[in-house]
Protein chains: 2
Amino acid sequence: MRYRDEHKELLVKEKAIEMIVREGLDGFSMQKLAKEAGVSPATLYIYYKDKEDLLIQLGYEEATRLIKAILKNFDPSMRFEEGMRIQWRNRADYWLESPVKASFLEQLKHSPLRGQVFEALDMEFLETMGAFMHNAIANKEILPMTREVFWSVAYAPLYTLIHFHTDGISLAGNPFRFSEEIMWETFAVVMKALKA
Amino acid sequence: MRYRDEHKELLVKEKAIEMIVREGLDGFSMQKLAKEAGVSPATLYIYYKDKEDLLIQLGYEEATRLIKAILKNFDPSMRFEEGMRIQWRNRADYWLESPVKASFLEQLKHSPLRGQVFEALDMEFLETMGAFMHNAIANKEILPMTREVFWSVAYAPLYTLIHFHTDGISLAGNPFRFSEEIMWETFAVVMKALKA
DNA sequence: ACAATAAATGAACGAACATTCATTTATATT
DNA sequence: AATATAAATGAATGTTCGTTCATTTATTGT
């Protein structure tokens, strides 16, 4: 039998992500993708059940890579500060090294496909993070707080800076390293506030 | 001559925003909007030049309301802490009171229309904020920093919490008031970090 | 009552859309 | 070399899209 052309398959994925980032999810169409990847429209339906399936599969695949990148060198049993700093840098690295793929994931996260792409993956990821937080609490490194407050303090400023960066706004100095320090010192503030 | 039915015009705007928030910018179409608003498709082209014009006008209008809401009771000559806290609460109030419209603006901000909708308005708004920061610096209430770092510290955690809230995630306790205090105390951290 | 005028309409246009299908092409096994 | 099999295709399907236009409707000033 004839084997699937993996180069072609990869090209389709690449062009799809490119087009979505360039023209938005509404500017994306199967016929345009086929033309851009130099493939028949019908071929896309060999790889994917339909348009939605294509988007979900691509999103799931890239989201998996993101989570893997975030958890690189990370272990839930780490000391809190070390774990936080590693994740912080992993996140910054991923976004700065793969801005197009990051923007693709961002678009999916703000679309109706959000649930189908991220729900299962996020559950697993949040369990790991939950274990990490639980350890930190047990070790009295942090006081109990909700995941949401934790997130808003730990990573929101970073992502905001990254978005400025992605939008082509020049960030003088080294705001990322700077922001990491702010993140860490802010936790001290939160600890104090939660005690009061 | 016959006058324009203002009730109909308002209904069109309302349904358009509803549909965009519900189905995303790619799920939005002129024919569906016409049907949902009980209007002929041709009528939409009396109100708006074309689909893009409709989105830009609606976006511009709502963005104007948002900026007005943010600047309510605010004056650039205020003391820094007072000004910050007023803006902080204004932002929280707008999002919590008008989640649908806020989500609509969010979608436009992540779309190719971004520039045409927000550029001119943001320029004006950023001038006001620039004056506020300049005053605070002149009064030695804050040290100089870029707009981006300022934003990431001042409002990023708030918006993150708001997004959790909009997604229907319950926020135990009163994380918004809590987050305001964190914001303010974090500025103390930033001041210290910038001095070092 | 009538003329003037702009709002509002339903039907229609070609273009682009997602998807399908009969056919052809390439390869692994016999 | 012949066969089997799945990949790959180009053309075509029906649907929905944005937009237009000839016509009708409602309201003002005469």
Side-chain angles (χ1 to χ4, degrees), chain A residues 1-61 104 107-108 111-114 116-117, chain B residues 1-61 104 107-108 111-114 116-117:
Chain A
M1 69 156 198
R2 185 174 177 182
Y3 277 144
R4 196 177 282 190
D5 185 339
E6 289 178 23
H7 172 70
K8 205 162 266 185
E9 212 179 342
L10 279 173
L11 193 68
V12 164
K13 287 181 184 177
E14 200 181 302
K15 292 288 179 188
I17 292 176
E18 261 180 46
M19 189 186 300
I20 289 166
V21 169
R22 181 170 15 95
E23 307 184 34
L25 272 170
D26 48 324
F28 171 79
S29 87
M30 296 297 263
Q31 313 211 67
K32 267 158 65 180
L33 172 58
K35 180 168 269 180
E36 219 165 285
V39 155
S40 163
T43 305
L44 301 176
Y45 288 84
I46 296 171
Y47 299 161
Y48 306 99
K49 188 173 141 287
D50 52 27
K51 185 186 176 186
E52 187 175 293
D53 181 51
L54 184 152
L55 293 171
I56 291 175
Q57 278 199 45
L58 255 61
Y60 189 88
E61 206 170 300
F104 165 63
Q107 299 231 26
L108 280 183
S111 85
L113 294 173
R114 185 201 168 110
Q116 290 171 84
V117 174
Chain B
M1 67 156 199
R2 185 175 178 180
Y3 278 144
R4 196 175 284 190
D5 184 338
E6 290 177 23
H7 172 69
K8 205 162 268 186
E9 213 179 341
L10 279 173
L11 193 68
V12 165
K13 288 182 183 176
E14 201 181 301
K15 292 287 178 188
I17 292 176
E18 262 181 46
M19 189 185 301
I20 289 167
V21 170
R22 181 172 12 98
E23 307 185 34
L25 271 169
D26 49 323
F28 170 79
S29 87
M30 296 297 263
Q31 312 212 59
K32 268 158 63 179
L33 171 59
K35 181 168 271 182
E36 219 166 285
V39 156
S40 164
T43 305
L44 301 176
Y45 289 84
I46 297 171
Y47 300 161
Y48 306 98
K49 189 174 140 283
D50 52 28
K51 185 187 176 185
E52 186 175 295
D53 182 51
L54 182 152
L55 293 171
I56 291 175
Q57 278 199 45
L58 254 61
Y60 188 89
E61 206 171 298
F104 165 63
Q107 300 232 26
L108 281 183
S111 85
L113 293 173
R114 186 201 168 110
Q116 290 170 85
V117 174

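Sequence lines set the chain letters: A, B, ... in the order given, protein chains first and strands last, and positions in each chain run from 1.
- Taken to the nearest 0.5 Å, the CG atom of Leu58(A) stands 8.5 Å off from the CG atom of Leu108(A).
- In this structure, CZ of Phe28(B) is placed 7 Å from P of dG18(D), rounded to the nearest angstrom.
- Atoms CG (Asp50(A)) and P (dT20(C)) sit 8 Å apart, rounded to a whole Å.
- dA8(D) atom P lies 12 Å from atom CG of Leu11(A), rounded to whole Å.
- For the salt bridge (Lys or Arg N to Asp or Glu O under 4.0 Å) criterion with Lys13(B), the lone passing option out of Glu61(B), Glu18(B), Glu6(B) is Glu61(B).
- Nucleotide dT13(D) holds its P atom 14 Å from the CD atom of Gln31(A), rounded to whole Å.
- Side-chain N/O atoms of Arg2(A) include none lying less than 4.0 angstrom from OP1 or OP2 on dT25(C).
- In terms of position on DNA chain C, the residue among Gly27(A) and Ala42(A) whose nearest nucleotide sits closer to the 5' end is Gly27(A).
- Taking side-chain N and O atoms only, Ser40(B) has no distance below 4.0 Å to OP1 or OP2 of dA8(C).
- The line from CZ of Phe28(B) to CD of Glu23(B) is 10.5 Å long, rounded to the nearest 0.5 Å.
- One finds a salt bridge joining Arg22(A) and Glu36(A) here, because a Lys/Arg side-chain nitrogen approaches an Asp/Glu carboxylate oxygen to under 4.0 Å.
- Phosphate contact (OP1/OP2 of dC17(D), side-chain N/O of Ser29(B), threshold under 4.0 Å): present.
- A straight line from CG of Leu44(B) to P of dT9(C) spans 9 Å, rounded to a whole angstrom.
- Phosphate proximity of dA7(C) to Tyr3(B): absent, as no side-chain N or O sits under 4.0 Å from OP1 or OP2.
- OP1 or OP2 of dT9(C) has at least one side-chain nitrogen or oxygen of Lys8(B) nearer than 4.0 Å.
- Atom-to-atom, NZ of Lys51(A) to P of dT20(C) comes out at 14 Å; the value is rounded to the nearest Å.
- Between the side chain of Lys32(B) and the main chain of Gly27(B), a donor-acceptor pair closer than 3.5 Å is present.
- Rounding to whole angstrom units, CD1 of residue Ile46(B) and P of dT23(D) are separated by 17 Å.
- Distance from the side chain of Arg4(B) is smallest for dA7(C) among the nucleotides dA8(D), dA7(C), dT19(D).
- The NZ atom of Lys35(B) sits 11 Å away from the C1' atom of dT16(D) (whole-angstrom rounding).
- In this structure, Tyr47(A) reaches the sugar-phosphate backbone alone: every heavy-atom distance under 4.0 Å involves primed, P, OP1 or OP2 atoms, never a base.
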